[in-house]
Amino acid sequence: MSHADQPERLHETDISPGDDRPDRSEIAHGLIGYAVGLALAVLLSIVSFFVAGTNLVWQPSIPIALFVLAVAQIGVHLVFFVHITTGPDNTNNVMALAFGVLIVFLVIAGSLWIMSQLNANMALPMNQLMQMQP
Amino acid sequence: MSGAQAGTGVSPADPYRIGHYVGFRQGTAGHAARELASKRVIVGYGFWIFLLSDIVMFSTFFASFGVLSGQTAGGPSGKDLFNLTNVAIETACLLFSSFTCGIASIGARTHDNLMYYGGMAVTFVFGASFLYFEMHEFVDLILQGAGPERSAFLSAFFTVVGCHGLHVTLGLMWLLTMVAQVFSKGYRPDILRRVLCFSLFWHTLDIIWVALFTIVYLMGAGQ
């Protein structure tokens with residue numbers, strides 16, 4: 001489609017940019033974006049499954065490596081699939097995401113911390129538990 | 001650049017001034033007029049807020065799984081139960097379905113029937129295969145006597161994985177609805193906004209699955 005017929009269509013249906021039909025180069029651009037995202041996601045998944053089952057690395061480092069790989073893959077999904085960008089029309093989405101991440105961190109880290117603390121206190125001998133009470 | 005120019009200047013590269021929030025402008029009638037973002041951007045933002053609330057809900061399930069993952073009550077642990085080959089197949093299904101969902105959303109924007117219906121069909125097949133493998137795993141566990149009632153660990157496991165599976169089931173129903181709506185109503189702007197929301201939902205399910213296979217399966221199998 002040409003640019004010449006855009007104002008007419010805009011007038012008819014009040015379509016905003018991004019709603020109008022992309023041309024061939026934009027389609028190719030979109031397909032390449034999804035393909036790159038898929039390749040990166042598959043690669044990170046394979047590395048995760050490999051790291052989880054391997055004996056080649058120091059064992060206590062495996063959960064940390066898995067965590068880092070998962071965060072990287074979630075980042076890839078957000079950028080290439082959900083299209084979260086740093087562009088000015090995306091500021092609200094990024095701010096909402098940051099708030100969501102904060103809440104998720106508070107819920108998970110807070111729960112694990114409190115429950116492990118309670119667990120540790122439960123493991124104390126009875127006489128020490130009695131001393132802790134006022 | 002002065003405020004007046006920011007409000008009225010239109011550059012050729014950005015004729016619609018998208019993303020250039022200009023705040024309040026004095027209109028001719030004397031009251032403030034605000035430039036709004038396009039409806040697509042607003043709908044996407046609202047649905048993104050919903051998806052984040054869904055992610056927060058999942059975080060509570062992940063937190064309870066993290067707390068209870070060691071409480072096997074003498075029963076089997078993740079290391080005894082999880083079949084990582086099955087999990088790898090499920091992961092591949094969801095990753096490729098995310099890709100084909102992206103192709104379908106490009107097809108919707110370009111009004112390309114082959115890309116839209118083809119992409120949606122392949123997405124459905126991958127999503128349904130994912131559900132088949134998950135159901136297979138659940139039935140297998142229950143037949144082994146490792147159902148959700150066996151231990152706190154298994155209760156938390158069935159809750160978090162089952163809730164994700166429920167989301168995938170709802171997503172598949174939504175997918176069929178969107179195919180039917182485009183088929184009967186065509187590529188109307190309001191229908192395309194629903195397709196956008198569906199694709200955001202489907203990609204978010206994939207994001208939750210990444211957290212799920214890492215925390216529940218890979219870390220659980222290593223314990």
Side-chain angles (χ1 to χ4, degrees), chain A residues 13-23 26-27 30-31 33-35 37-38 41-42 44-46 48-49 51-53 59 62-63 66-67 69-70 73-74 77-78 80-82 84 87-93 96-97 99-101 103-105 107-112 114-116 119, chain B residues 14-16 18-21 37-41 44-45 48-49 51-53 55-56 58-60 62-64 66-67 84 87-88 91-92 95-96 98-99 101-103 105-106 109-112 115 187-189 192-193 199-200 202-204 206-207 210-211 213-215 217-219 221-222:
Chain A
T13 54
D14 198 21
I15 293 173
S16 53
D19 288 345
D20 52 26
R21 292 166 67 171
D23 55 25
E26 278 178 88
I27 298 171
L31 281 177
Y34 282 116
L38 178 69
V42 167
L44 286 164
S45 294
I46 290 173
S48 283
F49 277 84
V51 165
Q59 296 298 307
I62 286 180
L66 288 175
F67 179 76
L69 286 164
Q73 192 173 347
I74 288 172
H77 282 256
L78 284 174
F80 289 96
F81 293 153
V82 186
I84 294 286
D89 56 337
N90 239 303
T91 313
N92 286 328
N93 294 342
L97 174 66
F99 182 66
V101 169
I103 299 297
V104 166
F105 171 76
V107 167
I108 293 181
S111 299
L112 291 177
I114 291 170
M115 294 309 284
S116 68
N119 239 346
Chain B
D14 186 12
Y16 306 99
I18 187 166
H20 289 256
Y21 178 63
S38 81
K39 206 160 184 178
R40 191 181 60 92
V41 171
Y45 177 59
W48 182 230
I49 299 280
L51 289 173
L52 286 166
S53 76
I55 288 173
V56 167
F58 265 104
S59 79
T60 62
F62 277 114
S64 56
V67 168
L84 288 188
V87 181
T91 305
L95 283 182
F96 283 99
S98 234
F99 176 70
C101 178
I103 290 179
S105 65
I106 293 176
R109 279 188 64 200
T110 53
H111 305 194
D112 184 323
M115 275 169 94
Y187 297 102
R188 278 184 356 210
L192 290 184
R193 286 196 291 274
S199 71
L200 288 175
W202 196 258
H203 294 314
T204 305
D206 209 2
I207 288 176
V210 171
F213 81 69
T214 301
I215 293 172
Y217 288 106
L218 294 183
M219 290 186 181

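Per chain, numbering begins at 1; letters A, B, ... match sequence-line order.
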*Asks:* Heavy atoms only, distances under 4.5 angstrom: which of B:Thr60, B:Asp206, B:Leu200, B:Leu84 has the most pairs with chain A? Name it, please.
*Replies:*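 Heavy-atom pairs under 4.5 Å are most numerous for B:Asp206.
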*Asks:* At a heavy-atom separation under 4.5 Å, does B:Ile106 approach chain A through its side chain, its backbone, both, or neither?
*Replies:*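 Just its side chain gets close to chain A.
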*Asks:* Of the non-hydrogen atoms in A:Ser48 and B:Phe213, which two are nearest, and what is the gap between them?
*Replies:*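 The pair with the smallest heavy-atom distance is CB-CE1, 4.1 Å.
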*Asks:* Relative to chain B, which segment of A:Phe67 carries a heavy atom at a distance below 4.5 Å: side chain, backbone, both, or neither?
*Replies:*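 Looking at A:Phe67, backbone and side chain both touch chain B.
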*Asks:* Which residue out of A:Ile103, A:Asn92, A:Val101 racks up the most heavy-atom pairs below 4.5 Å with chain B?
*Replies:*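 Looking at each of A:Ile103, A:Asn92, A:Val101 in turn, A:Asn92 comes out on top.
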*Asks:* Drop me the distance from B:Leu218's CG to A:Leu69's CG, to the nearest 0.5 angstrom.
*Replies:*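 Taking CG in B:Leu218 and CG in A:Leu69, the distance rounds to 9.5 Å.
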*Asks:* How close do B:Ala63 and A:Leu112 get, counting heavy atoms only, and between which atoms?
*Replies:*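 In this case the closest contact between B:Ala63 and A:Leu112 is O-CD2, 4.4 Å.
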*Asks:* With a 4.5 angstrom heavy-atom cut-off, is it the side chain or the backbone of B:Ile55 that approaches chain A, or both, or neither?
*Replies:*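 Contact with chain A: backbone and side chain both.
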*Asks:* Counting only non-hydrogen atoms closer than 4.5 Å, does A:Leu97 touch chain B with its backbone (N, CA, C, O), its side chain (CB onward), both, or neither?
*Replies:*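 Both the backbone and the side chain of A:Leu97 come within 4.5 Å of chain B.
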*Asks:* Where on A:Ala109 is there a heavy atom nearer than 4.5 Å to chain B: the side chain, the backbone, both, or neither?
*Replies:*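 A:Ala109 has no heavy atom closer than 4.5 Å to chain B.
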*Asks:* Counting heavy-atom pairs under 4.5 Å to chain B, which of A:Ile108, A:Val104, A:Asn93, A:Ile74 comes out on top?
*Replies:*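 Of A:Ile108, A:Val104, A:Asn93, A:Ile74, A:Asn93 has the most heavy-atom pairs under 4.5 Å with chain B.
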*Asks:* Using 0.5 Å steps for rounding, measure from the CZ atom of A:Phe105 to the OG atom of B:Ser59.
*Replies:*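 Spacing of CZ (A:Phe105) from OG (B:Ser59) equals 12.0 Å.
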*Asks:* Does B:Met115 reach the side chain of A:Ile27, with side-chain heavy atoms less than 4.5 Å apart?
*Replies:*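 Yes, side chains in contact.
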*Asks:* If you count heavy-atom pairs under 4.5 Å with chain B, which of A:Gly100, A:Ala70, A:Gly53, A:Gly37 comes out on top?
*Replies:*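 So the answer, after comparing A:Gly100, A:Ala70, A:Gly53, A:Gly37, is A:Ala70.
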*Asks:* For the interface with chain A, which of B:Tyr217, B:Phe62, B:Phe96 has the highest count of heavy-atom pairs at distances below 4.5 Å?
*Replies:*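 Looking at each option in turn, the highest pair count goes to B:Phe96.
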*Asks:* Which class fits the ring pair A:Phe81 and B:His203: parallel under 30°, tilted 30 to 60°, perpendicular over 60°?
*Replies:*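 If you compare the ring of A:Phe81 with that of B:His203, the planes turn out parallel.
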*Asks:* Report which part of B:Ser105 has an atom under 4.5 Å of a heavy atom belonging to chain A: side chain, backbone, both, or neither.
*Replies:*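 Only the side chain of B:Ser105 comes within 4.5 Å of chain A.
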*Asks:* Does the side chain of B:Ile207 reach to within under 4.5 Å of the side chain of A:Val82, using non-hydrogen atoms?
*Replies:*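 Touching, per the 4.5 Å side-chain cut-off.
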*Asks:* At a 4.5 Å cut-off on heavy atoms, which part of B:Leu95 comes close to chain A: side chain, backbone, both, or neither?
*Replies:*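 Contact with chain A involves both backbone and side-chain atoms of B:Leu95.
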*Asks:* Against chain A, label B:Phe58 side chain, backbone, both or neither, depending on which of its atoms sit under 4.5 Å from a heavy atom there.
*Replies:*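 No part of it gets close to chain A.
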*Asks:* How far does CZ of B:Phe99 sit from CG of A:Leu31, to the nearest 0.5 angstrom?
*Replies:*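 It is 6.5 Å, given to the nearest 0.5 Å.
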*Asks:* Out of A:Ile114, A:Ile62, A:Val107, which one racks up the most heavy-atom pairs below 4.5 Å with chain B?
*Replies:*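 Of the options given, most contacts go to A:Val107.
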